Q: 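Dumping the structure here so I can ask a few things about it.
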Amino acid sequence: MEFRRGEFSLVAAGPGTGKSIFALNLALFGNVPVMYFSADSNAATQLTRSTAIIMDDNIRDVKRKLLQDQFDEYMGHLNKRWWIRFDYNARPKPEDIELNLLAYFETFGMFPHLIVVDNITNVDGGASADAEGFTFGLEAMCEYISDMARQTGAHVLALHHVTGEHSDGLSPIPLSGVKGKIGRVPNVILTLHKEVDGMDCTIINVSDVKNREGFADPSGQTFSSYEFNSKNMRLTDVVDAL
């Protein structure tokens, strides 16, 4: 699976499955310039998660140090990630997104290589009175984001929800499970579901249900698996025992 610049991908999952964790790990470990529009998570959440991931530290300790104003030990390490910027507007309009991207270009002399929109339904594209209007609005937003990817040369990764029957996130989610049926525009669509063993181990499974440039299984039954460490918030490949 490749995230190509100039293209638009969608990651869909139920609430609490790990969409934001997936995007944040990609943003921090991708080693590319990033603009992250974090409409769904506030600054404290993203700061503590990011710090835990970067430092391989327990997020409880990170939160405690933030609350006790003992965060200085982390700042030198965080400042090395100069290439990632966050915006925390909970309801950004397209013009707000464009202004942030222009500011990024003005500051660094280039557009980010990865843009994360977390999540697509938080972007204020205008009110929709009914379900049909909601779907039409999402389709138009996807067109806008796809054009953003081409204009900036960035890969734009947008997070999204799934239909009600898949909201528990405990079984593979097919392409048809993406809320609003907006599968036409994105180059790539991934769905996430999780496995919880009851012993503090969570596996996040990533299904490639649409891929214009490679293999895809619209049923969602084919997936790669990553272990989620709830202490340091990292995702790592699952290695099968021999």
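What you see below is based on every heavy atom in this structure, not just the backbone, and it leaves out hydrogens, waters and symmetry mates. From a predicted model like this one, the values you see are computed outputs, not experimental measurements.
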Q: Going through the distances and angles, do Asp118 and Ser38 end up as a side-chain hydrogen bond (donor to acceptor under 3.5 Å, both in side chains)?
A: CA-CA 5 Å; Asp118 182 3; Ser38 183; 4.7 Å; no
Q: For Arg64, look at atom CZ and say whether over 12 heavy atoms of other residues, nucleotides or ligands are found less than 6.0 Å away.
A: yes
Q: Give, for atom CZ of Arg234 and atom CD1 of Ile54, the distance between the pair rounded to the nearest 0.5 Å.
A: 9.0 Å
Q: When you measure from the side chain of Lys194 to the backbone of Gly16, do you find a donor-acceptor pair of N or O atoms at a distance under 3.5 Å?
A: yes
Q: Could you tell me whether the side chain of Arg91 and the main chain of Asn122 form a donor-acceptor pair under 3.5 Å?
A: yes
Q: For the pair Lys210 (side chain) and Pro186 (backbone), establish whether a donor and an acceptor sit closer than 3.5 Å, ignoring hydrogens and angles.
A: yes
Q: Just how far is it from atom CG of Asp87 to atom CD1 of Ile97, taken to the nearest 0.5 Å?
A: 8.5 Å
Q: Does Leu192 offer a backbone N or O that forms a donor-acceptor pair with the side chain of Thr17 under 3.5 Å?
A: no
Q: For the side chain of His155 and the backbone of Arg4, is there at least one donor-acceptor N/O pair under 3.5 Å apart?
A: yes
Q: Hey, does the side chain of His166 reach the backbone of Gly14 with a donor-acceptor pair shorter than 3.5 angstrom?
A: no
Q: If we ignore hydrogens and angles and just use 3.5 Å, is the side chain of Thr51 paired with the main-chain N or O of Thr48 as donor and acceptor?
A: no
Q: Take Lys19 and Asp40 through the test side-chain contact (heavy atoms from CB on, under 4.5 Å) and record every step on the way to the result.
A: CA-CA 11 Å; Lys19 297 187 296 294; Asp40 206 41; 5.9 Å; no
Q: Begin from the C-alpha positions of Ser207 and Gln221 and carry the test side-chain contact (heavy atoms from CB on, under 4.5 Å) through to its verdict.
A: CA-CA 7 Å; Ser207 302; Gln221 295 293 330; over 6 Å; no
Q: Compare every heavy atom of Gly183 with every heavy atom of Ile189, then report the nearest pair and how far apart it is.
A: CD1-CA, 3.5 Å
Q: Taking the six-membered ring for Trp, are Tyr74 and Phe71 parallel (under 30°), tilted (30 to 60°) or perpendicular (over 60°)?
A: perpendicular
Q: I would like to know whether Phe111 and Leu101 meet side-chain contact (heavy atoms from CB on, under 4.5 Å); could you show each step before the answer?
A: CA-CA 7 Å; Phe111 286 115; Leu101 293 175; 4.3 Å; yes
Q: Walk me through it: do Trp83 and Phe108 pass the test ring-ring contact (aromatic ring centres under 6.0 Å, His included)?
A: CA-CA 9 Å; Trp83 36 260; Phe108 300 114; over 10 Å; no
Q: Would you confirm whether Tyr104, through its side chain, and Pro112, through its main-chain N or O, come within 3.5 Å as a donor-acceptor pair?
A: no
Q: List the steps, then state whether salt bridge (Lys or Arg N to Asp or Glu O under 4.0 Å) holds for Glu73 with Lys65.
A: CA-CA 9 Å; Glu73 66 182 272; Lys65 290 177 182 178; 3.2 Å; yes
Q: With distance as the sole test, does Asn187 use its side chain to make a donor-acceptor pair with the main-chain N or O of Glu7 at under 3.5 Å?
A: no
Q: Applying a strict under-4.5 Å side-chain criterion to I, L, V, M, F, W and Y, I'd like to know whether Ile173 and Val196 cluster together.
A: no
Q: Take atom CD of Glu95 as the centre, draw a 6.0 Å sphere, and report whether it contains more than 12 heavy atoms from other residues, nucleotides or ligands.
A: yes
Q: Please round to the nearest 0.5 Å and tell me the distance separating atom OH of Tyr226 and atom CZ of Phe22.
A: 6.5 Å
Q: Minimum heavy-atom separation for Tyr36 and Ala27, please, with both atom names.
A: CD1-CB, 4.3 Å
Q: Which distance, rounded to the nearest 0.5 Å, do you find between the CZ of Arg81 and the OG of Ser50?
A: 9.5 Å
Q: Using 0.5 Å steps for rounding, measure from the CD1 atom of Ile53 to the CG atom of Asn232.
A: 8.0 Å
Q: First locate atom CG of Asp208, then atom CG of Asp217, and finally report the distance between them rounded to the nearest 0.5 Å.
A: 9.0 Å
Q: Surrounding CG of Asn79 (heavy atoms of other residues, nucleotides or ligands, distance under 6.0 Å), is the total greater than 12?
A: yes
Q: Output yes when Lys93 and Asp96 qualify as a salt bridge under the 4.0 Å nitrogen-oxygen rule, no when they do not.
A: no
Q: Do Met110 and Phe86 share a hydrophobic cluster, counting only Ile, Leu, Val, Met, Phe, Trp and Tyr and linking them when any side-chain heavy atoms are less than 4.5 Å apart?
A: yes
Q: After noting the C-alpha distance and the side-chain angles of Val162 and Lys179, does the key distance pass the side-chain contact (heavy atoms from CB on, under 4.5 Å) rule?
A: CA-CA 4 Å; Val162 293; Lys179 189 173 183 178; 5.5 Å; no
Q: For the pair His193 and Phe223, name the ring-plane relationship: parallel under 30°, tilted 30 to 60°, perpendicular over 60°.
A: perpendicular
Q: Using modelled atom types and a 3.5 Å cut-off, is there a donor and acceptor pairing between side-chain atoms of Asn119 and backbone atoms of Ser20?
A: no
